[in-house]
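Below is one structure, written out as structure tokens, with a few remarks after it.
Values below: every heavy atom of this structure, side chains too, minus hydrogens, waters and symmetry copies. Whatever order the structure lists ligands and atoms in, that order sets their numbers, starting from 1. Along the sequence shown, residues carry numbers from 1.
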Amino acid sequence: MTRIETVRLRPVLDSRGNETVEADVLTESGGFGRAAAPSGASTGEYEAIELPVDEAIAAAREHAVPRLEGRTFAGDQREVDAALEAADGTDDFSEIGANAAVAISMAAAKAGADVLGAPLYQHLGGAFRGRNFPIPLGNVIGGGEHAQDATSIQEFLAAPVGAPSVRDAVFANAAVHERVGELLEERGEPAAKGDEGAWAPSIDDAEAFELMEEAVDDVADEFGFDIKFGLDMAAAERFEDGEYVFGEDVRSTEEQVGYVADLVDEYDLAYVEDPLDEDAYEAFAELTAQVGEQTLVCGDDLFVTNVDRLEEGIEVGAANSILIKPNQIGTLSDAFDAIELAVESSYTPVISHRSGETEDTTIAHLAVATGAPFIKTGTVGGERTAKLNELIRIADEARL
Ligand SMILES: C=C(OP(=O)(O)O)C(=O)O
Ligand SMILES: [Mg+2]
């Protein structure tokens, strides 16, 4: 019996040291689920609204909890998420906060899985899931909104596309991270780490490309499989008065399309996220027409896990991939809908963490549950390895 008996909400710490919402969901039969909301720094303009934590908790207690306790079944995710939407009454969760909504949505899913005695990925994805694992894209050099005085491009991501197992991929990414650290030391470039655990050296983007190329080649030789790399350019953060401003380089839209297409060719990039502004559907489409056969052109701030925005993109051929962040849209059901529409439309879904994270592992299960080919969840740092190690455990347990 998965009828929800109690929903508890509390502020807890996230990896940046900020408050975030944690939810506990208990069912009448003793099922239990706990989840915490992540939080972005380079947030898209069209994301669902994250409220200050105390406001989100107060509003969710007043409006959402009474619709859930004693009335909703944790095993029926659509019903839980519909109750959250009805309690909120807006189209962007500005009443109860997407942070409260997503924490409750994920905690309910875990409580449902607990009652069934099934792993979360199986509750969400069904008995036939657990055979395909996502390739982790690992942030190893970063700057942008995630670190001061570092690269202009937000993320340089290792992409171990030839890895024979998720465990090999996870360890390869960690090795690339380590190798970049060694190369920085050899060059006398002291480097702290950014919000996601990537190295955040005070170097320009061109030098970061050199380091990535050398590091992935070295680690590919050592591990014996193909490792490429990719980028999150988070270009909406760099779009000022119609121009793209990356450090000293200022480019028109046309120049930015050409620059990114050249990067894809020169470095054989596996992945390019948000290469253009969050409203630039047509420029995205132009770039995808040029390089869409060679690489994944992924919309994060462009689509914000939102089916309506994805539909607009599909119509014009804006991309061939979508980043999926459940807190951008507020519920697991809406995230699932975006993934399903993406897959139907031959867009590759990439399940993603946020720069502010907790030890929550829901996204690892979401990736396995939906058979997503990629997950972006960092390389090192406890809140990142929580997801990576969970993937390794799922791969192990799925075969017992
Ligand atoms: C993970 C990202 O960063 P944030 O959570 O700050 O949006 C991203 O932009 O893809
Ligand atoms: Mg992004």
Side-chain angles (χ1 to χ4, degrees), residues 14-18 20 36-50 98-99 102 134 136-148 150-159 173 193-198 200 230-239 244 246 260 269 271-280 284 296-306 309-310 313 318-319 321-330 335 338 348-358 360 362-364 366-367 372 374-381 383-384 386-388:
D14 78 7
S15 55
R16 271 194 278 258
N18 295 330
T20 190
S39 175
S42 69
T43 47
E45 191 184 334
Y46 304 102
E47 293 192 21
I49 304 298
E50 177 186 313
N99 39 348
V102 82
L137 301 172
N139 188 359
V140 295
I141 303 178
E145 296 300 300
H146 295 167
Q148 299 279 320
T151 55
S152 298
I153 291 178
Q154 183 176 283
E155 298 167 26
F156 290 80
L157 302 145
N173 283 354
K193 290 181 191 166
D195 285 351
E196 296 180 355
L231 309 171
D232 179 2
M233 300 189 84
E237 304 285 346
R238 305 261 147 202
F239 193 57
Y244 292 90
F246 283 75
V260 177
L269 298 179
Y271 177 82
V272 185
E273 178 184 325
D274 282 351
L276 293 145
D277 182 52
E278 60 204 328
D279 288 310
F284 256 93
L296 291 178
V297 179
C298 182
D300 170 15
D301 294 344
L302 179 72
F303 295 137
V304 292
T305 316
N306 181 313
R309 290 188 65 84
L310 177 59
S321 173
I322 177 175
L323 205 70
I324 300 290
K325 294 168 165 169
N327 81 318
Q328 280 183 327
I329 195 69
T348 300
V350 179
I351 314 300
S352 175
H353 66 168
R354 302 304 309 247
S355 49
E357 266 296 340
T358 71
D360 193 279
T362 305
I363 59 166
L366 179 60
F374 294 95
I375 186 169
K376 185 175 93 155
T377 188
T379 305
V380 296
E383 72 283 3
R384 316 292 152 185
K387 284 83 167 157
L388 298 167

Atom CD in E155, atom CG in D232: separation rounded to 0.5 Å?
4.0 Å
From Q154, M233, K376, residue fulfilling side chain to side chain contact (heavy atoms under 4.5 Å, CB included) relative to E273:
K376
By the definition side chain to side chain contact (heavy atoms under 4.5 Å, CB included), identify the one residue from I375, I322, I324, L137 that meets it with V350.
L137
Residue part near ligand 1, for D301, under 4.0 Å between non-hydrogen atoms
neither
Distance-only side-chain donor-acceptor flag, S355 / E145, under 3.5 Å
no
Taken to the nearest 0.5 Å, the spacing of R309 CZ from T305 OG1 works out to 11.0 Å
What atoms of ligand 1 come within less than 4.0 Å of a heavy atom belonging to D300?
8 (C), 9 (O), 10 (O)
Atom nearest to the Mg ion (ligand 2) - E273, N, O or S atoms considered
OE2
CG (L302) and CZ (F284) are apart, to the nearest 0.5 Å, by 4.5 Å
Under the criterion salt bridge (charged side-chain N to carboxylate O under 4.0 Å, His left out), I'd like the reasoning laid out for R354 against E50: C-alpha separation, chi angles, the key distance, then a yes or no.
CA-CA 13 Å; R354 302 304 309 247; E50 177 186 313; over 6 Å; no
Quick one: do the T358 and D360 side chains pair a donor with an acceptor below 3.5 Å?
no
The test is side-chain contact (heavy atoms from CB on, under 4.5 Å); show your working for D300 and Q328 and say whether it passes.
CA-CA 10 Å; D300 170 15; Q328 280 183 327; 2.8 Å; yes
Numbered atoms of ligand 1 (with element) below 4.0 Å of S42, judged on heavy atoms:
3 (O), 4 (P), 6 (O), 7 (O), 9 (O)
For Q154, atoms of ligand 1 separated by under 4.0 Å from a heavy atom
2 (C), 3 (O), 8 (C), 9 (O)
Report, in ascending order of atom number, the atoms of ligand 1 lying under 4.0 Å from any heavy atom of H146.
2 (C), 3 (O), 4 (P), 6 (O)
Report, rounded to 10°, the angle at the Mg ion (ligand 2) between the two atoms OD2 (D232) and OD2 (D300).
170°
Let me know which of D277, D279, L276 forms a side chain to side chain contact (heavy atoms under 4.5 Å, CB included) with F239.
D277
Below 2.8 Å, any N, O or S contact between D274 and the Mg ion (ligand 2)?
no
Start with the C-alpha distance between N99 and S39, add both sets of side-chain angles, then the distance that settles side-chain contact (heavy atoms from CB on, under 4.5 Å), and finish with yes or no.
CA-CA 8 Å; N99 39 348; S39 175; over 6 Å; no
Report the part of K376 in contact with ligand 1, treating N, CA, C, O as backbone and CB onward as side chain, heavy atoms under 4.0 Å; options are side chain, backbone, both, neither.
side chain
Among all protein heavy atoms, pick out the one at the shortest distance from atom 1 (C) of ligand 1; state its residue, atom name and that distance to 0.1 Å.
E196 OE2, 3.3 Å
Which ligand 1 atoms are under 4.0 Å away from a heavy-atom of G40?
4 (P), 5 (O), 6 (O)
Could you say whether the N/O atoms of L323 and ligand 1 ever approach to under 3.5 Å?
no
For D232, the ligand 1 atoms with a heavy-atom partner under 4.0 Å come out as 8 (C), 9 (O), 10 (O)
Is the shortest N/O to N/O distance between S39 and ligand 1 below 3.5 Å?
no
Quick one: which ligand 1 atoms are inside 4.0 Å of a heavy atom on R354?
4 (P), 5 (O), 7 (O)
Please list, in number order, the atoms of ligand 1 under 4.0 Å from a heavy atom of H353.
1 (C)
What residue and atom, counting heavy atoms only, is the protein's closest point to atom 8 (C) of ligand 1, and at what distance?
K325 NZ, 3.1 Å
For atom 4 (P) of ligand 1, what's the nearest protein heavy-atom neighbour? Residue, atom name and distance, please.
S355 OG, 3.5 Å
